[in-house]
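Encoded as structure tokens, the structure appears first; notes follow it.
When reading the values below, keep in mind they use all heavy atoms of this one structure, side chains included, and skip hydrogens, waters and symmetry mates. Every chain is numbered from 1 and lettered A, B, ... according to where its sequence line falls, protein lines coming before strand lines.
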Protein chains: 2
Amino acid sequence: MGANTTLKKIAEHLNISISTVSRALKDHPDVAGETIRRVKELAQMMDYEPNAFAISLRKQKSNLYAIMVPEVGNFFYHGFIQAVEEEARKTGHSVLILQSMNDAKIEADNLKICRHNNVAGIFVALSTQTIAYEPFHRLREFHDIPLLFFDKVPESDAFHKVVLADEDAGYMAGTITMDANVGEVLVILGHENLSLSRRRRKGFEMAVLAKSDMKVRYVYADAIEKAEEETVSFLEGDPDQPLVFAMSDEILCGVMRGIQRLAIAVPDKCKILALSAGFFPSLYMPAISYIETSGYKLGKECFQRMRVISANKVEPMEGSIYCQYVPGGSL
Amino acid sequence: MGANTTLKKIAEHLNISISTVSRALKDHPDVAGETIRRVKELAQMMDYEPNAFAISLRKQKSNLYAIMVPEVGNFFYHGFIQAVEEEARKTGHSVLILQSMNDAKIEADNLKICRHNNVAGIFVALSTQTIAYEPFHRLREFHDIPLLFFDKVPESDAFHKVVLADEDAGYMAGTITMDANVGEVLVILGHENLSLSRRRRKGFEMAVLAKSDMKVRYVYADAIEKAEEETVSFLEGDPDQPLVFAMSDEILCGVMRGIQRLAIAVPDKCKILALSAGFFPSLYMPAISYIETSGYKLGKECFQRMRVISANKVEPMEGSIYCQYVPGGSL
DNA sequence: AATATTCCCGCAATCGTTTGGGATAAATTG
DNA sequence: CAATTTATCCCAAACGATTGCGGGAATATT
């Protein structure tokens, strides 16, 4: 039996009107102090909890935030989800998790779900397949739902977005690579469609521009296996003083599989550098040196940004999170 | 502007009543075929989407399922979440993710959130700190919200639960260990509070009962570091023909860190066996032999079970998912 | 031609909460 | 003492979708 306490039931018990009960619970000045006391007491007794649907129906806003990512299995997003969840809890919100599975169709469907649920805001990491942005535009224009892209963001600056300082991270990686005094470098980037891959590459290229005697090869890998194969074929070419730079945790896993397959000693026979959230590098011996890209920090930052966007109309802008180098033993 | 299409707007455009529109959209026989056609056409045009709140308010049920886990960062849960999300999508539901952070207080708060949102059902993996089950009971009794425990479940059989066939998995691990012809075994289990740890241990003990010449040591580890330390101190004792059995992916990571720290050759100097979802074992060379405990399969099974529970009142029962041995090179 | 049947459709209440606009007392003022 | 202010409270209309019931018109049955 759905023995849920409602304003109506409290009102009946106290022989007052529903509106008075409603006002009493929020300390409205129109209600007598004595009445407020009695109402609150009974509400407490009856374990009253306001009905979220009724409120949402009336206010046209829910207490849900949505996070849409390609896959929850992606390591980078744990921290992000965790951070948003933590913050959301503080403001009495909850988090809806949606996966796009890198499918533009599902992505669009998910946006519909957000609309249905009139979510208070959406955090989106784009799928690699997204080409049409109308669904996103419509959400903002017609439905007034705050939208914030993170990590995998559109090129267009018509949207709010927060990213890691990708170019900086790439530049940092490039600098570290140069200082490491290596001969040939394999840079393994993520999916080619992602602006994040391009930004990181750009940063890296900028950094190593000066050092013309260093051979750099850029490849894209969208799966662990691809990264493994690229690593193996690179190292089988018997490169001189090699270094492999892995742009993500997933890629790092692939790289290390290749390294282990060839039984190559790190860092003696091959140096490794990664962009990572920090967990995977610690799995290897020696620990992999990495540039930290914290999904957790990104999540915290995004949530604050979301609050600002929700509160006032602000022009779309891009923000970024700075990275930090964490030296290990692979370099 | 919340330019949302409602039944009312459609009705006004067509000069018919709201109820007729509502009925037309669901092919109610009381509506003329021609009217249905016109309504559907306009609804399509105006991009009508029913308001989830209004429906939920009326039906007292939402289209949300909740999943509560200690932490989304736990590897085992990815597959689970993914599976539930996939299935939920098929029935037009969405998934609310809640974390208990292994805190009984937060866990109880989360249950309140579920109540507020009148979720259609809750999937719970218990925190290690849960001792009071009243909040769960109340949810079922008073609020009629289907509750299904998975993975980390209460001992009480007053609840629905689906677990991996933990005892079987333990037994299987025991059998494999025996056949591997080893001398000393370190079994690293998860948190001591969890019934799952006890069940796995029990299964393992049953299997190795016969083989009295094999020395087995059982330890509990609730963190990667603990698993690493236990492994190191075990192997430093220079055991005869050793094997380490890791009960989870997290523990496996710790074990391998220990192995690498001591630079011990697998499987020559030490054999490894794990219970795993399958990803981490593939990270090492040779690949770790493991017994597959698929969160994904568990999720699929749980969702089906949830549907049954929701549809009809059924007696609480326990279900389980069978495991499978995936040989690698570590054994 | 009168009655019964079928087919369409609209009215109105409901879910629980919020809120602007009264309404009724008592208290204050001139 | 009449007029106005104040303190409390209630009515009713939203929000959007659903649904039992009733009614009018067209058709079918006697």
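One axis for each end of the helix from dA1(C)-dT30(D) to dG30(C)-dC1(D), each built from five base pairs, and the angle between them comes to 60° at 10° resolution.
Heavy atoms of K26(A) sit under 4.0 angstrom from primed sugar atoms or phosphate atoms, though from no base atom. Note on I18(B): a base of the nucleic acid sits closer than 4.0 angstrom, heavy atoms only. Note on I55(A): only backbone sugar-phosphate atoms sit closer than 4.0 angstrom, heavy atoms only; bases stay farther off.
Here the nucleotide nearest the side chain of S17(B), chosen from dG10(C), dT19(C), dC11(D), is dG10(C). Relative to the side chain of R58(B), the nucleotides dC9(C), dA14(D), dT14(C) differ in distance, and dT14(C) lies closest. Picking from dC11(D), dT18(C), dT19(D) the nucleotide with the shortest atom distance to the side chain of S19(A) gives dC11(D). With dG16(C), dA17(D), dT19(C) as the candidates, the nucleotide lying closest to the side chain of S22(A) is dT19(C).
Remark: D30(A), V31(A), A32(A), T35(A) in residues 28-35 of chain A come within less than 4.0 Å of DNA chain D through at least one heavy atom.
A donor-acceptor contact under 3.5 angstrom links the side chains of Y296(B) and E86(B), judged on distance only. Between the side chains of T5(A) and E49(A), not a single donor N or O lies within less than 3.5 Å of an accepting N or O. Donor-acceptor pairing under 3.5 Å is lacking for the side chains of S19(A) and S22(A).
Residues L96(A) and Y65(A) fail the side-chain proximity criterion, which asks for heavy atoms closer than 4.5 Å.
Both V21(A) and Q60(A) lie close to DNA chain D; mapped to their nearest nucleotides by heavy-atom distance, the more 5′-ward contact belongs to V21(A).
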